[in-house]
Amino acid sequence: MTSRRPYRSDVSDARWGLIEPVFIAWRARRVSPGAAARVHDLRKIVNAILYVNRTGIPWEYLPHDFPPCKTVYDYYAKWEADGTTQQVHDLLRDRTRQAHGRQARPSAAVLDAQSVTTSCNVAEVDQGIDAAKKIKGRKRHLATDTLGLLLAVIVTAASVQDSAGGKRLLDELAADQPTVAKVWVDGGYNNTVINHGARLGTDVEVVKRPTATGFQVLPKRWVVERTFGWLMQHRRLARDYEALPQRSRTMIHWAMANKMSRELTGESTPSWRIESGEPVIAA
């Protein structure tokens with residue numbers, strides 16, 4: 001594909017093979033005037049997006065052996081707007097579920113929320129304060145299946161209560177995943193969420209914390225906590241850098257696509273530890 005030395009975030013041939021048909025179909029639909037002049041390799045665009053996602057750098061700091069940063073961001077925004085990113089994510093999710101012996105359509109889900117600080121380019125109106133966590137920023141409301149794979153996500157100001165976000169997530173689940181009949185939540189979701197789920201035909205159950213002191217793995221709910229851990233492996237998600245909430249949602253989809261494509265091809269997620277044999281430079 002390229003003569004340059006690959007970055008650790010690049011997609012392998014096997015991973016690209018999983019998602020390439022989506023992008024081939026996308027390009028085939030681009031028949032507007034001037035479309036023939038678009039000569040950028042879509043695999044290079046994907047690699048550039050994953051580089052930003054994994055390393056956390058600003059778009060303007062993309063290395064010069066990638067396509068121009070404005071071009072990469074234009075593709076990123078277009079794929080978010082026309083549903084291509086969602087299509088890639090959902091394709092990988094369905095294949096991952098099937099690889100685990102599950103049906104493509106889930107029957108149960110787990111809800112939780114995560115508050116993160118924002119960068120200075122996020123408008124004040126899109127931020128808020130999570131009084132419980134003492135965090136000013138945004139909140140990610142996630143619904144996952146029992147494997148921890150993403151089913152729905154919304155991004156709000158951190159001041160939005162879990163119950164309000166939970167009701168919106170249940171609406172999305174009912175629309176996009178009508179086979180989900182059971183949902184587990186924690187004690188932060190009050191009776192309004194349970195009643196809202198009942199109106200949608202979904203049984204919402206609160207998983208209570210044990211009375212014992214110290215760390216305890218919560219039944220069912222631990223899978224969504226692990227999902228937050230997967231997201232935190234992508235430095236662009238360590239805080240919210242995106243000016244628009246929908247761009248934040250898309251960055252989450254790319255992080256999960258990265259994780260699932262590696263799992264499907266048997267590739268481990270690279271860490272930031274120094275490999276054995278590499279020289280160590282003293283600080």
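- Checked by atom type, the side-chain pair R236/Y51 shows no donor-acceptor distance below 3.5 Å.
- No donor-acceptor contact under 3.5 angstrom links the side chains of Q87 and H253, judged on distance only.
- Between V46 and F23, the closest side-chain pair of non-hydrogen atoms falls below 4.5 Å.
- If you check the side chains of R235 and N53, you find no donor sitting under 3.5 Å from an acceptor.
- Here the straight-line distance linking atom CZ of R221 with atom CZ of R226 works out to 14.0 Å at 0.5 Å rounding.
- Going from atom CD1 of I45 over to atom CG of L50 covers 11.5 Å, rounded to the nearest 0.5 Å.
- The CG atom of L142 sits 9.5 Å away from atom CG of L151, with the distance rounded to the nearest 0.5 Å.
- Residue pairs meeting the salt bridge (charged side-chain N to carboxylate O under 4.0 Å, His left out) criterion with at least one partner in residues 140-158, sequence neighbours excluded, are R97-D145.
- Donor-acceptor pairing under 3.5 Å is recorded for the side chains of D171 and H196.
- Side-chain atoms of Q98 and D94 form no donor-acceptor pair, as typed in the model, at a separation below 3.5 Å.
- Between Y189 and W184, a ring centre-to-centre spacing not shorter than 6.0 Å is recorded.
- A donor-acceptor contact under 3.5 angstrom links the side chains of R249 and Q86, judged on distance only.
- In this structure, a donor-acceptor pair under 3.5 Å is present between the side chains of S12 and E267.
- The local environment of NZ in K182 is crowded, with over 12 non-hydrogen atoms from other residues, nucleotides or ligands closer than 6.0 Å.
- The environment of R168 atom CZ is sparse: at most 12 non-hydrogen atoms of other residues, nucleotides or ligands sit within 6.0 angstrom.
- Looking at R239 and S119, their side chains never bring a donor and an acceptor atom within 3.5 Å of each other.
- Counting only N and O atoms by type, the side chains of S163 and Q161 include no donor and acceptor under 3.5 Å apart.
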Identify every side-chain donor-acceptor pair in residues 101-111 under 3.5 Å, counting partners at least two apart or on other chains, and give the distances.
from, atom 1, to, atom 2, distance (Å)
R102, NH1, T146, OG1, 3.0
R105, NH1, D176, O, 2.8
R105, NH1, Q177, OE1, 3.2

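- Of the inter-residue distances, the one linking H234 atom NE2 with M251 atom CE reads 10.5 Å to the nearest 0.5 angstrom.
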